2 protein chains.
Amino acid sequence: MSDMPSCQFESRPRRIVIGAGGAQADFCTTCSVRPTSVCSVIGPDDISRLSEAAVETIIPPGRGFIEEGAPATDFFNVTSGTVKLFKALPDGRRQITGFASPGHFLGLAVSDSYAFGAEAVDTVRVCRFSRDKMADLLDDFPKLERRLLEEASNELVAAQNQMLLLGRKTARERVASFLLDQMHASQLPGQEGSGGRLHLPMTRGDIADYLGLTIETVSRTLSWMRSQGMIEVGKGYAITILSVPKLDVLAAGNT
Amino acid sequence: MSDMPSCQFESRPRRIVIGAGGAQADFCTTCSVRPTSVCSVIGPDDISRLSEAAVETIIPPGRGFIEEGAPATDFFNVTSGTVKLFKALPDGRRQITGFASPGHFLGLAVSDSYAFGAEAVDTVRVCRFSRDKMADLLDDFPKLERRLLEEASNELVAAQNQMLLLGRKTARERVASFLLDQMHASQLPGQEGSGGRLHLPMTRGDIADYLGLTIETVSRTLSWMRSQGMIEVGKGYAITILSVPKLDVLAAGNT
DNA sequence: GGAACGCATTGATTTACATCAATCCATCCG
DNA sequence: CGGATGGATTGATGTAAATCAATGCGTTCC
């Protein structure tokens with residue numbers, strides 16, 4: 001735990017701060033266009049309240065910024081990039097429990113320490129809040145609480161799906177499910193169709209830790225899918241989905 | 001899906017109903033002593049509001065009462081017994097995502113259909129609410145919403161632990177983790193110490209489906225633990241934990 | 001009492017995936 | 001440029017747990 005690259009937040013404190021009568025539209029600009037963000041939930045009139053608690057932080061690829069088991073002091077809202085959330089065993093085995101993309105909240109845990117670690121996959125921007133102030137905000141903005149409940153419910157559904165995947169699916173089914181999930185995530189409102197082209201910012205190792213497999217099995221499975229004409233594996237982090245139906249059949253477990 | 005033993009709720013509608021000025025203490029008696037229940041969160045003064053929406057239902061062992069994928073019309077609060085929550089693949093493979101005991105809420109899903117199925121392990125009592133009315137209740141009782149968020153957060157933490165278990169732990173580690181979890185759950189406030197004696201209402205099949213193993217592996221692992229002096233396997237559903245430290249070492253992955 | 005049933009245990013065998021190991025190929029950097 | 005580095009791929013081998021199979025054992029119900 002001690003050799004973890006701990007993040008000093010590279011904080012340029014209050015990178016974007018709004019005064020009482022300042023230009024509110026400038027606050028956390030990414031927030032304002034994301035339907036799931038803090039700002040859009042709270043409403044423009046109260047943004048100045050939020051600004052007192054928030055610090056925007058930029059996190060470089062591979063940098064950890066939440067350490068599993070550390071005191072849970074902060075609360076985050078991802079505004080750009082992809083974050084991997086994980087838990088680890090003492091001997092180093094790792095399970096990535098999810099990838100958080102823009103709009104997601106981190107640090108919901110009710111306990112006083114983080115139940116998971118978090119690390120930037122690519123360059124990530126987050127809005128960071130003190131958890132103390134967060135409690136006050138929740139009292140003042142019921143809509144925010146509603147939004148958090150919605151978020152938690154969605155994550156719970158995702159977690160249940162992942163438990164089914166980890167407990168009962170074969171390697172091929174896991175990879176197929178993953179690719180389809182990623183495709184759906186990339187087709188969220190605002191994103192263009194992309195014709196089955198995926199970018200996947202994470203490494204094979206991350207995918208393996210997410211799917212409960214090894215790097216080699218992930219690699220072999222992708223090669224097999226390529227041989228079956230289901231996908232095309234490009235250079236770098238590009239994968240193109242050639243046949244959604246074939247992957248669907250696989251992912252559903254209809255071998 | 002169609003041959004599932006669907007529950008007609010065996011409803012004796014409003015088994016316990018309170019009139020405007022009625023004896024409020026009679027409503028859902030189990031609720032009133034559980035710190036996590038709906039009633040105790042809402043407060044006695046508002047119980048009559050709740051009574052308009054709630055129906056107490058008794059569900060016999062093995063009976064399913066939430067069908068995965070069915071329209072999510074109701075919302076439940078378990079008041080006694082144990083419920084298994086699960087997801088299934090078309091070919092019958094099953095993953096139990098959790099066991100719900102008294103105080104737990106079911107049906108949080110924001111979508112309009114249930115993301116999981118639910119079935120009674122032993123005889124179960126629940127308070128059932130219409131989801132439509134639930135939305136109104138949430139507006140009127142912020143404390144309830146806070147409580148639900150807390151519940152969801154706790155479940156999320158449990159789900160993350162389970163993902164680590166399913167993705168990265170060996171069979172022995174899984175069973176050890178399970179036994180320790182069950183022991184901790186049985187030591188919640190109110191329950192007596194019990195001296196390591198566990199009751200486990202679920203079958204080996206349920207445990208297997210919860211841990212992502214087969215019945216045979218669960219059985220073999222328990223036998224092995226017995227041979228190691230870690231546990232004692234009694235008749236029926238009784239298991240006695242003889243050495244918490246040994247199980248701890250196993251569960252943590254220190255092989 | 002004794003089939004019949006469901007659940008659990010134990011043994012023999014198979015297998016999907018992990019592990020060990022050898023390239024390959026970009027990118028980085030002195 | 002050329003060695004070093006980190007990720008990815010592919011091959012050979014090992015193994016933990018699944019599968020297949022037999023038996024036991026308590027309950028239920030004629």
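Here is the naming used below: chain letters follow the sequence lines, and residue numbers restart at 1 for every chain. Excluded from the calculations below are hydrogen atoms, water molecules and symmetry mates; all remaining heavy atoms, backbone and side chain alike, are included. Nothing here was measured: the structure is a model prediction, and the numbers come from that model.
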Look at the side chain of B:Thr217 and decide which nucleotide, out of D:dA17, D:dT10, D:dA8, has an atom nearest to it.
D:dA17
Can you check whether A:Phe99 and A:Tyr210 have ring centres sitting under 6.0 Å from each other?
yes
Tell me the interatomic distance from A:Lys235, atom NZ, to D:dA8, atom P, rounded to whole angstroms.
12 Å
In terms of ring plane angle, is the pair B:Phe76 and B:Tyr114 parallel, tilted or perpendicular, where the classes change at 30° and 60°?
tilted
Which residue is it: A:Arg226, A:Gln228, A:Met225, A:Glu232? I am looking for the one with a side chain to side chain contact (heavy atoms under 4.5 Å, CB included) to A:Leu242.
A:Glu232
Does OP1 or OP2 of D:dT10 have a side-chain N or O of A:Arg226 closer than 4.0 Å?
yes
Contact class for B:Leu213 vs. all strands (heavy atom < 4.0 Å): base, sugar-phosphate, or nothing?
sugar-phosphate
Which whole-number value in Å describes the distance from B:Asp206 CG to C:dA8 C1'?
14 Å
Below the 4.0 Å mark, does C:dA18 have OP1 or OP2 next to a side-chain nitrogen or oxygen of A:Thr214?
yes
In whole angstroms, how far is the P atom of C:dA21 from the CD1 atom of A:Ile215?
16 Å
Calculate the interatomic distance between B:Trp224 atom CH2 and C:dA8 atom C1'; express it in whole Å.
20 Å
Using only modelled atom types and a 3.5 angstrom limit, is any donor from either the side chain of A:Arg220 or the base of D:dG11 paired with an acceptor on the other?
yes
Measure CZ/A:Arg93 against C1'/C:dC17 and give the value in whole Å, please.
15 Å
When you get a sec, tell me which of D:dA8, D:dA17, D:dC20 is the closest nucleotide to the side chain of A:Thr203?
D:dA8
Specify the separation, in whole Å, of atom CE of B:Met202 and atom C1' of C:dG6.
18 Å
Verify the contact: side-chain N or O of B:Ser223 to OP1 or OP2 of C:dT10, cut-off strictly under 4.0 Å; return yes or no.
yes
Atom pair distance, as rounded to whole Å: CG in B:Leu222 and C1' in D:dA17
15 Å
Does the distance from a Lys or Arg side-chain N to an Asp or Glu carboxylate O, for A:Arg63 and A:Glu119, drop under 4.0 Å?
no
Show your working on salt bridge (charged side-chain N to carboxylate O under 4.0 Å, His left out) between B:Glu56 and B:Arg125 and close with a plain yes or no.
CA-CA 7 Å; B:Glu56 190 184 50; B:Arg125 286 197 304 160; 3.2 Å; yes
How is B:Gly205 classified with respect to the nucleic acid when contacts are heavy atoms under 4.0 Å: base, sugar-phosphate, or nothing?
sugar-phosphate
A:Arg168 vs A:Glu216, nearer the 5' end of DNA chain D by closest nucleotide:
A:Glu216
Sugar-phosphate only, base, or nothing, as touched by A:Val233 at under 4.0 Å among non-hydrogen atoms
sugar-phosphate
